[in-house]
Structure formats: C-alpha cells, structure tokens
Amino acid sequence: MKNINIHSVVILLMVLGSFGLALCDEEFRPIFGDLAKVGVGGYLGRLLPELVK
C-alpha cells in the first residue's frame with residue numbers, strides 16, 4: 001500500500017471512468033478504449049524508472 005499515491009488514484013479513476021462511459025455509449029467505445037490505453041501507458045511509463053533501480 002505504500003506505492004499508492006494521488007497519481008495512481010487519478011489514473012485508476014480515469015480508466016474506470018472510460019470503461020463506464022464505453023458501456024453507456026456504444027458509438028464512442030473505440031475512443032474511450034484509446035483513452036484508457038493512454039492512461040495505463042502513461043502510468044506504466046511513469047513507474048518504469050522506479051522499477052529499473
């Protein structure tokens with residue numbers, strides 16, 4: 001639990017919100033999927049320097 005910070009919470013909310021919007025609006029699902037991919041990719045990119053140490 002020590003690795004959880006505000007950035008982790010914001011990314012988690014963004015990804016969950018994107019999935020929720022994708023469930024509600026079928027026409028824009030690919031866009032919400034791309035938004036979720038960018039959020040997860042950015043989060044992993046931020047963690048990469050910490051994991052390499």
Side-chain angles (χ1 to χ4, degrees):
M1 293 297 278
K2 66 179 182 176
N3 292 335
I4 295 178
N5 55 22
I6 191 68
H7 190 256
S8 301
V9 173
V10 168
I11 295 298
L12 180 64
L13 288 174
M14 186 184 79
V15 170
L16 291 176
S18 294
F19 287 141
L21 290 171
L23 289 174
C24 294
D25 192 355
E26 295 178 11
E27 187 175 324
F28 291 104
R29 274 189 189 165
I31 296 170
F32 295 130
D34 289 341
L35 180 63
K37 285 189 274 188
V38 167
V40 171
Y43 180 69
L44 292 176
R46 182 188 163 280
L47 288 180
L48 187 62
E50 295 176 12
L51 297 175
V52 173
K53 288 183 184 179

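Atom CD1 in I31 sits 13.0 Å away from atom CZ in R29 (nearest 0.5 Å).
The nearest pair of heavy atoms linking L35 to S18 is CD2-OG, 3.2 Å.
Put simply, the residue from L21, V15, L23 that forms a side chain to side chain contact (heavy atoms under 4.5 Å, CB included) with F32 is L21.
In the hydrophobic clustering of this structure, I11 groups with F19; members are Ile, Leu, Val, Met, Phe, Trp, Tyr whose side-chain heavy atoms approach within less than 4.5 Å, directly or through other members.
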